[in-house]
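Everything on this sheet refers to the single structure shown next.
Both counts, for ligands and for their atoms, begin at 1 and track the order of listing. Both backbone and side-chain heavy atoms feed into the values below; hydrogens, waters and symmetry mates do not.
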Amino acid sequence: MNRLALTLYSTAVSITLLLTPTLRAESGAEAWLRYARLGANASRTYQNFPASVVVVEDTALLHSAQEELLRGISGMLTKSLRIEPNLPPDAAIVLGTLTAVQKLIPGLHPPADLREDAFWVSNIRVHGVRHLVITAQNGRGVLYGVFFLLNKIAQYQSILDLNELQQPYARVRWIDQWDNLDGSIERGYAGRSIFFENGAVRADLARAADYARLLASVGINGCAINNVNADPRLLREDFLPQLARVAQIFRPWGVQLSISVDLSSPKTVGGLDTFDPADPHVAEWWRNRVDQIYAAIPDFGGFVIKADSEDRLGPSFYGRTQADAANVLARPLQSHGGVVFYRAFVYNHHLDWRDQKNDRAKAAYDYFHPLDGKFENNVIIQIKHGPIDFQAREPVSPLFGGLKHSNQAIELQITQEYTGQQRHVCFLIPLWKEVLDFDLHANDQRSPVMDAVAGITFHRTTGGFVGVANVGLDANWLAHPLAMANLYGFARLAWNPNLSARSIANEWAALTFGSDPQAVQIISSLLLTSWHTYESYTGPLGAQAFTDILGSHYGPGIESSEENGWGQWHRADHNGIGMDRTVASGTSFVGQYWPQAAQKYESLATTPDELLLFFHHVFYTYVLHSGKTVIQHIYDSHYEGAQAAADYVRQWQTLRSRIDDQRYAAVLARLEYQAGHAVVWRDAICNWFLRTSGIPDVQGRVGHHPGRFEAEDMRLTGYTPVDVIPWENASAGKAIECSSSQPCTGTFTPNLAAGRYEIDTQYFDLNPGEAKFRLYIHNESGDKLVDEWTANDHLPSTKIGGDTSTRHRAFAVSLAPQDEIRIEGIPDRGDHAALDYVEIFPIGESSPFQR
Ligand code: GCW
């Protein structure tokens with residue numbers, strides 16, 4: 001290369017580098033706070049950005065605000081802001097609470113009164129110089145204002161004429177973590193606890209500090225750090241200094257620490273012979289404990305309580321009410337400004353399933369509505385969004401309309417317990433939006449759930465939003481890189497529930513993956529359809545997820561919800577399906593809604609299709625509003641859902657080199673897995689309903705699997721056929737397993753025309769152990785190894801079944817008519833290299849995995 005060419009070349013390279021944000025490998029640890037360097041165009045947009053910052057107060061929160069600003073600006077604009085003690089002659093960013101800033105800039109007034117945690121970010125001219133003022137009623141608001149500004153810059157938005165005042169919709173914007181003291185997390189899918197290990201608070205709280213910063217960046221102001229199935233040891237005196245350490249980590253980010261407590265603590269920890277909330281010694285014990293906590297943690301948030309639920313002890317033990325229990329904790333907290341989050345998740349899980357009038361959905365309202373008005377002012381009733389339990393589809397809990405004189409908060413589940421456990425993508429914001437927008441028609445007036453929980457509908461002083469997050473030590477917090485959109489979105493809705501799901505998805509995608517418009521568009525549209533997709537292959541029409549209720553809550557388990565006391569019944573039999581919850585003939589659950597909503601659900605004609613089976617029992621031949629029969633809808637939706645999941649793989653593949661390779665590959669692997677597991681779900685549900693109803697699929701797909709070769713029909717060496725229970729979780733109800741310590745093989749001759757094929761092997765990946773598989777083609781020229789893989793995923797079971805069934809794809813394999821295919825399974829510890837079937841599709845032809 002000559003000199004000129006070299007110069008031109010290097011200029012071109014540097015221009016490209018300036019224009020294209022760097023695609024460095026990213027673990028996801030920074031989530032939406034990447035502060036990636038902006039390209040040259042964007043830097044120009046901010047070329048007049050102030051060169052200094054003036055911080056008018058010396059508090060921990062303001063210090064965080066200043067540091068964050070320096071960090072963000074240096075990352076994105078590669079500028080180091082000067083720190084000035086006073087207003088400099090050139091443009092500056094001014095940070096401080098309103099009263100403090102007014103001392104510096106007299107006459108400064110926001111366009112409206114600033115509520116707690118609100119902020120105002122505005123360009124203000126002082127002596128002819130434009131300064132950017134970030135102010136608030138409190139330090140937390142200033143911090144939020146800084147994050148707001150940085151987010152705008154990260155999205156390349158102009159800040160030139162900024163004059164933005166934002167008020168939070170509700171006071172309570174909390175996260176619950178279900179962490180246990182041993183470091184495990186109940187329904188946590190992203191590694192061990194960031195707070196606890198070996199029965200104590202972790203020595204290294206660096207991740208907890210990062211978490212507090214992440215939460216603050218989206219306006220979260222409180223966090224309960226331990227499982228609601230609470231370990232009483234947290235209330236031991238010697239534990240208090242450990243809690244104080246966490247509070248200290250949270251404080252600079254404005255996140256209040258709180259803990260879940262067990263109602264029996266006065267007895268288990270306190271040594272009393274009772275925990276009866278009406279006993280004065282019990283009340284005194286709580287008072288002393290609360291005072292001690294506040295002496296160590298003056299900004300302590302309060303307690304979360306789960307009582308009389310799923311084997312937790314509660315006030316019913318002494319014939320007392322939930323209000324008695326809530327109040328005995330609330331009274332001592334009151335003088336310190338603390339609150340009690342009392343969970344409305346109180347129900348009997350030993351219901352008699354034979355009694356058609358029994359209904360778990362009624363429990364929360366039945367317990368709490370009669371107590372309305374009996375709770376202290378600092379009690380907040382924490383209500384799950386639906387009357388059952390975080391299902392992919394449920395109606396709104398009628399209790400939101402049933403508490404006029406009590407504070408309430410909505411509990412939403414960010415951790416995807418029933419929605420794919422962060423192995424499937426399921427963006428929950430559209431679901432939550434439907435819930436929050438739902439009109440309760442309380443007092444016959446417009447009253448969306450968001451207003452009820454924010455305290456607007458019934459004129460309450462507090463209330464709001466609680467999200468169960470369960471982040472863990474996994475570098476990217478929630479395991480699936482796309483799952484963080486749910487944490488982000490939860491917080492955005494808690495701040496402003498009127499935001500649209502689309503704007504939240506766009507924002508999150510741009511902040512997390514960079515602002516390439518095509519990448520944002522693809523990620524956002526994938527997110528926005530993902531809940532519907534998940535719902536359609538796991539159990540539509542409001543029958544709730546047909547998942548394994550008695551086990552993992554993950555894979556299919558259609559009959560697991562029936563004939564037991566847990567009350568998640570769908571009551572499917574040979575003729576029909578659904579729970580009759582009407583007042584006229586069913587459990588009367590419908591009667592818990594205000595009249596307008598009740599009328600809608602009472603009648604089959606006005607119940608929306610997507611909730612039909614929640615409210616009514618119908619024949620499979622019942623015709624939906626859509627014009628389809630129930631049974632055909634079940635078949636069609638499962639095929640459509642599985643196809644949509646397969647399409648996600650293709651959509652994602654268009655992002656190669658538009659986002660960094662590390663996260664590109666991590667998401668792709670999960671989407672591939674999801675597409676395979678969606679087929680497991682589809683087949684389990686469709687086959688079960690075909691056998692149960694006896695009504696065929698009008699499109700002829702169910703029960704027919706062209707290109708599928710059952711493992712049990714192969715020529716087996718070492719492998720033995722086994723029945724899979726429940727039968728619908730394996731193709732034809734059977735699998736093969738290798739119980740010897742030697743490799744086993746299954747061989748078959750597919751007899752296909754010469755060509756190139758995709759070979760999908762459906763196998764079971766069991767814990768513990770990492771079985772290996774090898775795929776060979778054998779013909780007269782000998783053996784050819786075409787693929788090999790290791791079953792090293794961590795799926796939630798040690799058994800062959802719907803939780804562990806997974807798929808490996810071999811692409812573009814050339815086959816000739818007489819070729820034999822041989823799969824070799826090499827077992828390892830508990831993993832018996834079990835196989836279900838092999839499916840072979842000509843490349844380019846329609847397959848469940850079109851490419
Ligand atoms: O959804 C159920 C979960 C339990 C959980 C419970 C609750 C913490 O399966 O794991 O326990 O809800 O919300 O209390």
Donor-acceptor contact below 3.5 Å, side chain Ser264 vs main chain Lys267: no
Would you call the rings of Tyr601 and Phe438 parallel, tilted or perpendicular if under 30° counts as parallel and over 60° as perpendicular? parallel
I'd like to know if Arg320 pairs up with Asp276 as an ion pair, taking the criterion as any Lys NZ or Arg NE/NH1/NH2 lying under 4.0 Å from an Asp or Glu carboxylate oxygen. yes
Tell me, which residues have any heavy atom less than 4.0 Å from some atom of ligand 1? Trp178, Glu186, Arg187, Asn227, Val228, Asn229, Lys306, Glu310, Arg343, Phe345, Lys384, Asp389, Glu417, His553
Pair Phe458-His405, ring pair (Phe, Tyr, Trp, His ring centres under 6.0 Å): steps then yes or no: CA-CA 7 Å; Phe458 301 117; His405 310 288; 8.0 Å; no
Examine Tyr537 together with His424 and report whether their ring centres are nearer than 6.0 Å. yes
Among side-chain atoms of Ser406 and Asp372, is any donor-acceptor pair under 3.5 angstrom? yes
